[in-house]
Student: 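Shown below is the structure under consideration.
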2 protein chains.
Amino acid sequence: MQETEAEFLQKYDRREYLAPLMTVDAAIFTFHGGKLLVLLTKRCEHPEKGKWALPGGFVDEEKDASLEEAIQRKLQEKTGVKAPYIEQLMSVGNNQRDTRGWSVTVVYTALVALQSCQSFVDNVSEVRWEIYEEALKMDLAFDHIEIMKAARERLKQKALYSMVPAYALPEEFTLPELQHCLEVLIDKPIQKKSFRRRVEQADLMEEVGLRSADKKGRPSMAYRLKEGVKDFTFIRNLDA
Amino acid sequence: MQETEAEFLQKYDRREYLAPLMTVDAAIFTFHGGKLLVLLTKRCEHPEKGKWALPGGFVDEEKDASLEEAIQRKLQEKTGVKAPYIEQLMSVGNNQRDTRGWSVTVVYTALVALQSCQSFVDNVSEVRWEIYEEALKMDLAFDHIEIMKAARERLKQKALYSMVPAYALPEEFTLPELQHCLEVLIDKPIQKKSFRRRVEQADLMEEVGLRSADKKGRPSMAYRLKEGVKDFTFIRNLDA
DNA sequence: ACACATAGTGTCTTTAAGACACTATTAAAA
DNA sequence: TTTTAATAGTGTCTTAAAGACACTATGTGT
């Protein structure tokens, strides 16, 4: 007698099976003061209690219908805002990374404007923006240093073939600001002309008037990303 | 009194926490007879019993120390060989995709030579190579159609900026064969000259003598991928 | 008015792909 | 045996887009 799927599900009890620990984590970057910043949270529970870590945590089966919802919820909890850019980076799973046992994390990369969440972050002592290079030297929890490096590397690649890093800037920004952001990411100067040709070709941004001159020299035009534009991928990369 | 991490772990019992179902799956492609093929396995257990699916399954905490080991084990079980190319594609997780409840799958894309595993596959009735376009029309288990499409799309991108699809060919292949494989993946003819310039620039292959003329016309040189070469990424894509 | 700093453009060079005609080498047909 | 057809592989011109860099434009401070 064949068992039907309904009968199978009737008898099935997930508690009989031991699944690995499942978390979602995010490497959240922003760009400010000419530096790449990464959001860190202090672990207030064991294991690795007291260490700084990438924001994240367990999926809540009640609250979250999907991984995307889970990570959006974590982001909202830590930054107070919905990230304008979020993308799945990779998953890491093994029996070494967490002392509790076999554990898997699905990691996302997110970009936000510092301004959009600065006040929220400033009011929570266990959340802070750290300069990426400084974070590299820290003793982060679990394998978060390696994960952060992987996210940074992916962001560098994005800078070579897209304008995605613009999401790490304030909603309004100037082209010199965006160019500098890309230059920091790829760790190399970009020809102003090349950069501006690409901005024009991508057609992702719109002028929003002149930036008041906070620095010396000619003021630059302010831009913002157009509403509802998809990302643009250049068929040729900048020289790495 | 502060609890130490050791004390925490002493008391910690994973069985008290319900984690989502965790599986690893693979979209395994090969290229043969001018067609892209994908490996499917027939599900012999509930749920979705009897449907064809991408090979995969649960992580075995005893056998597998990491996700990579888990997927390599699955590949070995289904094909009898170690895949020369394997890469993590993405993870999918939600409470809809599996009737048993909240479930996460970490998906890999692998490329193998048909010849290397043909005899093994032919001897197992619940494993078979399916032409990609035919697989698209099938009622695959879970969300495997969508996953397969995502893997196919990624493979197309790879064809535009790398020679990775060469791993889907026999160990020895000709340049016209590789060119045709790329053309199928990007669904567009490639200029012979452009293709061959790229082959030369990438410097990934070495001649292994003349291919005996199985067809009419001038015989082509046979090549194989050099040992221990890293992948090469072109700074400019082929036109999509 | 002038120097200066920074924004932004013009234009020549360089790189690598697209187009396509050309030569090369084989098997089959005449 | 020559010719033809088919496929492999090359030469070379054109085109697209990045690099280089000098130039103009527009602000501030003296």
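Labels below follow one simple rule: chain letters A, B, ... track the order of the sequence lines, proteins then strands, and each chain is numbered from 1. Fair warning: this is a prediction, and the values are worked out from it, not measured in the lab.
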Student: Hey, is Glu153(A) close enough to Lys149(A) for a salt bridge, meaning N to O under 4.0 Å?
Tutor: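 Judged by the 4.0 Å cut-off on N to carboxylate O distance, Glu153(A) and Lys149(A) do not form a salt bridge.
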
Student: Inspect the contact between Glu200(A) and Arg197(A) and indicate whether a charged nitrogen and a carboxylate oxygen are less than 4.0 angstrom apart.
Tutor: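 No, this pair does not count.
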
Student: Test Arg43(B) against Phe142(B) for side-chain contact (heavy atoms from CB on, under 4.5 Å), laying out the working first.
Tutor: CA-CA 11 Å; Arg43(B) 287 191 55 78; Phe142(B) 309 114; 3.6 Å; yes

Student: In whole Å, I'd like the distance from the CG atom of Asp203(A) to the P atom of dA17(D).
Tutor: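 Value for this atom pair: 14 Å.
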
Student: With rounding to the nearest 0.5 Å, note down the distance linking CG in Asn94(B) to CG in Leu67(A).
Tutor: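 Those atoms lie 7.5 Å apart.
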
Student: Is it true that Phe29(B) and Phe31(B) have ring centroids separated by less than 6.0 Å?
Tutor: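 No, the ring of Phe29(B) stays outside the 6.0 Å limit from the ring of Phe31(B), centre to centre.
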
Student: State the OG1-CG distance between Thr30(B) and Leu114(B), to the nearest 0.5 angstrom.
Tutor: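 Here the interatomic distance stands at 5.0 Å.
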
Student: May I ask you to say whether Glu177(A) pairs ionically with Arg211(A), meaning some side-chain N is under 4.0 Å from a carboxylate O?
Tutor: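 Counted as a salt bridge, because a side-chain N and a carboxylate O are separated by less than 4.0 Å.
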
Student: Using whole Å, what does the distance between atom C1' of nucleotide dA8(D) and atom CG of Leu178(B) come to?
Tutor: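 So the CG-C1' distance, Leu178(B) to dA8(D), works out to 15 Å.
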
Student: Nearest whole angstrom, please: distance from the P of dT6(C) to the CG of Leu175(A).
Tutor: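 The distance from CG of Leu175(A) to P of dT6(C) comes to 17 Å, rounded to the nearest Å.
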
Student: Separation of Phe195(A) atom CZ from dC21(D) atom C1', in whole Å?
Tutor: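 Rounded to the whole Å, the gap is 18 Å.
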
Student: Using a heavy-atom cut-off of under 4.0 Å over every strand shown, decide if Arg197(B) touches base, sugar-phosphate, or nothing.
Tutor: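 It contacts base atoms.
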
Student: What is the distance, to the nearest angstrom, from the CD atom on Gln179(A) to the P atom on dT6(C)?
Tutor: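 Spelled out: CD on Gln179(A) to P on dT6(C) is 13 Å.
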
Student: By nearest atom, which of the nucleotides dG27(D), dT25(C), dA7(C) is closest to the Pro219(B) side chain?
Tutor: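 Closest nucleotide among those given: dT25(C).
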
Student: Under 4.0 Å: is that the gap between some side-chain N or O of Arg218(B) and OP1 or OP2 of dG9(D)?
Tutor: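 Answer no for this pair, as no side-chain N or O of Arg218(B) is under 4.0 Å from OP1 or OP2.
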
Student: Picking from dG8(C), dT11(C), dT26(C), which would you name as closest to the side chain of Met221(A)?
Tutor: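 Selected nucleotide: dG8(C).
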
Student: Which value, rounded to the nearest 0.5 Å, describes the distance between Leu54(A) atom CG and Thr105(A) atom OG1?
Tutor: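 Answer rounded to 0.5 Å: 8.5 Å.
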
Student: dG8(C) phosphate, OP1 or OP2: any side-chain N/O from Arg196(A) under 4.0 angstrom?
Tutor: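 Looking at the OP1 and OP2 atoms of dG8(C), one of them is under 4.0 Å from a side-chain N or O of Arg196(A).
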
Student: Rounding to a whole Å, what distance do you find between Leu210(A):CG and dT6(C):P?
Tutor: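 Going from CG in Leu210(A) over to P in dT6(C) covers 16 Å.
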
Student: Which residues within residues 183-194 of chain B lie with some heavy atom under 4.0 Å of an atom in DNA chain C?
Tutor: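 Within this stretch, Gln191(B), Lys193(B), Ser194(B) sit under 4.0 Å of the strand.
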
Student: What I want to find out is whether Lys156(B) reaches Asp187(B) closely enough, with some N-O distance under 4.0 Å, to be called a salt bridge.
Tutor: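 Between Asp187(B) and Lys156(B) there is no salt bridge, as every charged N stays at least 4.0 Å from the carboxylate O atoms.
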
Student: Return the residues of residues 232-240 of chain A meeting this criterion: a heavy atom under 4.0 Å from some atom of DNA chain D. Order them by number, or give none.
Tutor: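 Of all residues in residues 232-240 of chain A, the ones placing a heavy atom under 4.0 Å from DNA chain D are Arg236(A), Leu238(A), Asp239(A).
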
Student: Rounded to whole angstrom units, what separation is found between the CD atom of Glu200(A) and the C1' atom of dA18(D)?
Tutor: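 From Glu200(A) CD to dA18(D) C1': 15 Å.
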
Student: Take the protein atom CZ of Arg198(B) and the nucleotide atom P of dT15(C), then report the distance between them rounded to whole Å.
Tutor: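 It works out to 17 Å between those atoms.
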
